[in-house]
Amino acid sequence: MLIVANWKTYLTLRQSENLAERIVALESGDRQLEIVLCPSLIALEEVAEEVVESKRRWLKVGAQDCFWMERGAYTGEVSPGELRGLGVTHVIVGHSERREHLGETDEMVRRKVHAVLAVGMTPILCVGETKAERVHGSAESKVRRQLLAALKGLGKAHRRELVVAYEPVWAVGTGEAVAPEEAERMHVLIQKVIGAPARILYGGSVDKKNITAFLRQRHVSGVLVGGASTKYSSLAALLRAAQSISSSVDI
Ligand code: PGA
């Protein structure tokens with residue numbers, strides 16, 4: 001079971017360090033549970049150092065984005081190799097906020113997925129439909145299209161290493177999560193399109209009240225959490241809920 005905490009641009013460097021410190025201090029004996037902290041770029045080095053030094057096998061660090069080229073004249077970008085050098089193991093790719101605000105295209109997302117895999121990290125590929133697409137009955141075709149574009153040229157071995165996050169755009173940051181059974185239906189479709197046993201997360205307004213219902217779905221292997229992962233009390237509550245499903249751990 002995988003819990004990805006996407007801190008977006010919510011926390012300052014100091015707040016990110018503090019939150020990471022408190023998570024590192026947790027005792028987890030649960031081998032089924034893996035937690036990936038994704039701080040903003042500015043806090044990545046400090047949080048990664050904290051996590052790597054803690055030697056907590058259940059705790060990892062992820063980046064919220066990266067570029068697809070390793071070196072060159074790409075002002076403002078950060079390469080997969082540089083992230084890897086910090087101890088980063090996961091990279092969120094194609095988040096809907098980047099697709100929307102930064103104009104990230106399916107082709108850019110495909111390049112990023114390949115680049116992340118090429119240096120041995122795990123891409124967390126985000127896909128999902130808008131409200132209008134859902135209303136018009138094209139949610140499935142949108143998700144299928146985004147997936148096929150991102151997976152183009154990837155062999156089975158690489159597909160297996162992928163993490164895909166199903167994040168309906170209208171559910172991200174709105175407090176309006178999709179129905180868990182609806183997420184399950186989409187996850188089944190995603191699994192079919194991938195054609196390999198990759199892990200599929202649900203993301204979009206996950207909180208301590210609904211997390212259990214999502215994690216109980218057969219094809220939901222975890223959650224990607226934004227807002228509710230940015231405060232210790234609510235992140236700890238999410239982890240407790242996940243652990244009570246997965247096995248027993250003290251938090
Ligand atoms: P949210 O964000 O949990 O705040 O809806 C989820 C995400 O961006 O992945």
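Read the numbers this way: they start at 1 and go in the same order the structure lists the ligands and their atoms. Computed from a predicted model, the values in this text were never measured in an experiment.
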To the nearest 0.5 Å, how far apart are CD1 in Ile42 and OG in Ser16? 10.0 Å
side-chain contact (heavy atoms from CB on, under 4.5 Å) test vs His114 passes for just one of Leu151, Val109, Val93, Leu154, namely Leu154
Output for ligand 1, non-hydrogen cut-off under 4.0 Å, lists Asn6, Lys8, His95, Glu167, Ala171, Val172, Gly173, Gly204, Ser205, Leu224, Val225, Gly226, Gly227
Taking the side chain as everything from C-beta on, heavy atoms only, tell me whether Asn210 gets closer than 4.5 Å to Pro180. no
Any chain of hydrophobic side-chain contacts (each under 4.5 Å) joining Val36 to Met121? no
Does any non-hydrogen side-chain atom of Glu97 lie less than 4.5 Å from one of Val172? yes
If you measure only the distance, is there a donor-acceptor pair under 3.5 Å linking the side chains of Glu133 and Ser138? no
